[in-house]
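See structure below.
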Amino acid sequence: MDQDYWGVDDILAESQHIPCVFHVDVPGLGYLEGSGDDDIHKHSRLELPYWIAHMLAV
């Protein structure tokens, strides 16, 4: 992703949240859920910023 500090698209991508449903277990990212668990489990629903949702989808 080509980032530009002053780019409007990049600024909006940082603040835009997207509802996400995980189809696989993701180890080590449980802190995104705000729970004490270390992992995100299959079928978990989270609202993530666009920039991280895009990176996880890739």
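Sequence positions, counted from 1, serve as the residue numbers for this chain.
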Subject >> Hydrophobic cluster membership, I40 vs V24, 4.5 Å side-chain cutoff >> reply: yes
Subject >> P49: which of M55, H54, H17 passes side chain to side chain contact (heavy atoms under 4.5 Å, CB included) >> reply: H17
**OP:** Could you pull out all residues at least two apart from H41 that satisfy side-chain hydrogen bond (donor to acceptor under 3.5 Å, both in side chains)?
**Re:** D37
Subject >> Within-4.5 Å side-chain heavy-atom neighbours: I18 and L48 >> reply: no
Original post:
Hey, mind stepping through L32 and I52 against side chain to side chain contact (heavy atoms under 4.5 Å, CB included) and telling me if it holds?
Top reply: CA-CA 10 Å; L32 293 176; I52 197 164; 4.1 Å; yes
Original post:
Do L46 and V21 have side-chain heavy atoms sitting under 4.5 Å apart?
Top reply: no
Subject >> D39 (side chain) donor-acceptor with G28 (main chain) under 3.5 angstrom >> reply: yes
Original post:
Between D38 and G30, is there a donor-acceptor pair closer than 3.5 Å when you use the side chain of the first and the backbone of the second?
Top reply: no
